[in-house]
Amino acid sequence: MIPADEEYGVAALARWCYRHRLVVLLLWLGALFGLGAAGTSAGTAYSDVFSLPDTDSSRAGDLMEKAFPRSSGDTDTVVWKVDEGSVRDASVRSRMVPALRDIGELEGVGRVSDPYGPDGAAQVSRDGRIAYAQVTFTEQANAVDKAVIEDLVERAKDAERDGLTVELGGQAIARTQEPPTGTAELVGIAAAAVILFLAFGSVFAMLLPILTAVAGVGTGMMSTTLLSHVTDVPEVAPLLGSLIGLGVGIDYALFIVTRHRRGIQRGASPEEAAVTALNTSGRAVLFAGGTVCIALAGMLVMNMRFLDGVVIATSLTVVLSVLAATTLLPALLGLLGMRVLSRRQRRRLAAAGPEPKETTTGLAARWSAYVQRRPRGTAAVAVVVMAVLAVPVFSLRLGASDQGNQPASTTTRQAYDLLAEGFGPGFNGPLQVVVDGGDAAGLAREIEGVEGVAQVAALPPANGVSVIQVVPTTSPQSAETDRLIDRLRDDVIPAAGAEAHVGGVTAVFKDFATITGDRLPYFVATIIALGFLLLLVAFRSLVVPLTAAVMNLVAAAASFGVLVAIFQWGWGAEALGFGKEGPITSFLPVIMLSLLFGLSMDYQVFLVSRMHEEWVHTKDNARAVRVGLAETSRVINCAALIMISVFSAFVLSGDTEGAMAGIGLAAAVALDAFILRTALVPAAMHLLGRSNWWLPAGLEKRLPHLAVEPAEPAPAAPAAEEGPASVVHGFVRTADGDPVVGAAVTLLAKGGRQLDRVTALADGSYVLSVPGPGTYLLAATAAGHGSRAAHVVVADGPLTYDLQLADEGVDAVN
């Protein structure tokens with residue numbers, strides 16, 4: 001054990017936080033309440049900047065800003081329909097006109113344009129059964145008092161009667177349908193608490209990861225709120241930040257608390273166990289958090305302003321979650337002391353003493369042995385499952401969700417459907433052809449004859465700029481609408497010789513999806529290359545990072561296949577409450593790939609680091625893979641269950657993008673943890689054998705050394721092993737008595753610590769140094785032979801012990 005006065009880095013920080021726990025706790029409480037007060041006072045200033053430079057829609061938007069400065073207020077819609085007669089009937093007017101007048105008198109409402117005015121004929125459908133009024137607020141949707149919006153909805157709904165249906169749509173109206181703030185987070189935390197309690201059997205131990213994650217996410221959200229005043233942060237960024245922050249925050253604390261509890265159960269004091277846990281699992285958490293942030297920063301390759309704010313919010317939350325795990329958590333461990341164990345565990349520790357080195361038994365060990373016996377079958381089943389789930393990804397279409405994708409029970413969705421029924425599917429997403437000088441009327445006549453155009457209206461010019469409103473015959477999310485935009489840009493406008501650009505929300509989202517699709521391969525290549533280099537340095541192997549890269553791509557394809565099947569094909573979407581099918585949100589693949597890369601790196605590092613440790617000790621690949629899987633699969637699966645619970649809870653966020661991200665990430669984590677890391681990866685490593693750990697000698701010399709998770713210091717050797725040094729010597733031979741040249745012979749202590757390792761000479765002889773009398777594990781392995789291991793008891797003098805290796809690949813250790 002490193003003395004306290006010689007500690008540095010993570011170990012020194014952990015010991016300081018443990019001993020000054022009240023100071024650390026007060027600092028975190030001060031940060032939480034201080035940032036909370038500042039964030040509440042400043043309010044939010046989120047900005048959804050979807051426009052992209054050097055695109056046709058952005059040029060159209062610039063011209064629109066020049067000619068028609070945008071109103072500062074949000075515009076929403078009141079839609080009504082009669083079952084019989086016309087909306088112009090006196091019985092309908094007598095109910096709607098007073099309701100619209102009352103709405104116009106609300107504080108915060110600027111004006112109401114209704115179909116009963118002199119210019120309102122266009123606001124009534126051709127059959128006269130559907131009409132709409134536009135309500136313009138004095139402020140944007142997020143700034144309008146929610147009480148005003150609720151009052152507006154109530155006054156509009158009061159006009160309903162039998163045969164008259166009133167629905168409302170728009171961004172401000174959508175706020176009344178949002179669940180209470182924090183619902184998704186609370187449900188995710190509650191589910192994680194149940195899993196942690198089942199894993200630990202202790203309420204106090206269960207609370208530790210949750211409190212740590214809440215501290216990290218809380219400070220991250222408040223910091224994001226303040227940053228929204230100085231940079232563009234999209235409205236979806238804090239949702240995604242809390243989603244990833246809760247997931248990694250609970251998982252990181254889980255890894256550290258598990259190591260801490262194991263140290264206490266093996267006889268260490270609570271303080272030493274905490275320092276050791278932070279110096280081992282804590283360092284792995286720092287590495288894992290760094291990889292997540294690197295993956296998130298990879299989004300900057302896309303060069304999209306919208307994603308810059310997402311990178312800031314999510315990365316900041318991850319950094320603060322890691323900080324909480326490495327500072328607040330050891331302070332909380334200091335407050336709990338021995339109570340981090342359950343009462344039964346404390347009683348057993350007091351009665352039976354410390355536990356020996358962990359020996360993995362149960363389902364994890366049986367599954368690991370099964371994978372070793374049948375690697376080909378296991379790999380084949382895993383590949384088939386992932387391939388089937390990945391099939392829908394070939395139909396992936398990027399776009400944007402709108403209120404037409406919301407659940408059928410919402411008033412915004414019903415208003416959307418009524419407008420589509422009365423005025424055509426394209427009415428909810430009109431195109432704006434912006435003409436900079438030239439003959440706008442002639443261009444409008446040309447557009448009228450284009451297939452896919454339902455209606456064309458030219459607005460009066462302003463400042464030399466004319467705007468032609470084009471209503472497509474298809475919905476904003478339809479592929480036919482995308483083709484219409486291309487036809488206008490590539491054929492109609494150039495043929496007319498006009499200087500014009502196609503804009504509007506629908507065109508902006510199409511350009512956003514196109515740019516995303518074009519740049520996505522470069523983004524994927526960047527994060528895969530970063531992951532390859534990190535694992536190459538960490539595990540000194542070319543095959544391990546190459547396998548991880550392939551597995552990341554497989555996991556991404558399968559998880560996107562699940563997304564396409566549910567949200568794009570609509571398989572069960574309405575039944576599950578996700579709304580109507582539509583394209584996958586354009587920015588979602590970038591965010592999902594970043595998070596998936598970071599999370600899968602966590603699991604890969606945790607799994608392979610244990611395998612690598614065993615490989616270094618024994619040079620037996622089969623044993624290394626079997627032991628590594630058996631000892632890590634339980635924690636990986638527990639961490640994955642927590643992630644799945646947290647991510648799935650974001651279906652309750654009331655946000656379509658949040659639901660997509662939650663389901664996509666939950667599917668990705670489930671497939672990665674339960675199929676890839678516990679089945680396909682170990683099966684592939686069994687099949688690859690010793691080549692898993694191959695690295696060219698020239699590259700070995702040039703690579704820097706990186707200890708992701710240093711070996712946990714072994715407990716002090718028992719008194720029986722103290723005494724004068726001795727040796728174990730003998731010969732390594734085959735069953736026929738022939739010497740095994742070059743066999744690796746290793747001497748291990750009871751705790752699994754390597755004491756000495758040599759290579760057998762030409763006659764098969766070996767000599768190993770022994771620190772003193774005691775019981776040790778002697779292991780030998782050689783190419784083309786099965787491994788052999790045995791316990792040996794060394795007395796006061798040298799011990800002669802011959803080892804016999806079988807010719808077939810029989811693992812005698814098991």
Where at least one partner belongs to residues 641-651, residue pairs that pass salt bridge (charged side-chain N to carboxylate O under 4.0 Å, His left out), sequence neighbours excluded: none
Over all atoms of both residues, closest heavy-atom pair of V318 and C293: CG1-SG, 3.8 Å
Which residues share a salt bridge (Lys or Arg N to Asp or Glu O under 4.0 Å) with D251, sequence neighbours left out: none
Nearest heavy-atom neighbours spanning R690 and K619: NH1-O, 3.1 Å
Side chain to side chain donor-acceptor pair (under 3.5 Å) involving W367 - partner list, sequence neighbours excluded: none
Which atom of T516 lies closest to which atom of S586, heavy atoms considered: CG2-O, 3.3 Å
Side-chain donor-acceptor contact under 3.5 Å, R626 with S368: no
Any pair counted as salt bridge (charged side-chain N to carboxylate O under 4.0 Å, His left out), so long as it reaches residues 284-296, sequence neighbours left out: none
Shortest non-hydrogen separation from R397 to Q568 and the atoms involved: N-OE1, 3.0 Å
Polar contact flag, side-chain donor to acceptor under 3.5 angstrom, Q604-R677: yes
Side chain to side chain donor-acceptor pair (under 3.5 Å) partners of R733, counting only residues at least two apart: none
Interatomic spacing from CG in L680 to CE in M386 - rounded to 0.5 Å: 8.0 Å
Distance-only donor-acceptor check, side chains W615 and N621, under 3.5 Å: no
R634 CZ: over 12 foreign heavy atoms closer than 6.0 Å: no
Evaluation steps, side-chain contact (heavy atoms from CB on, under 4.5 Å), between W693 and M685: CA-CA 10 Å; W693 315 104; M685 293 183 73; 3.8 Å; yes
Which atom of T547 lies closest to which atom of L688, heavy atoms considered: OG1-CD1, 4.2 Å
Nearest heavy atoms of V10 and R283, plus distance in Å: CG2-CG, 3.8 Å
Partners passing salt bridge (Lys or Arg N to Asp or Glu O under 4.0 Å) against R374 (at least two apart in sequence or in another chain): none
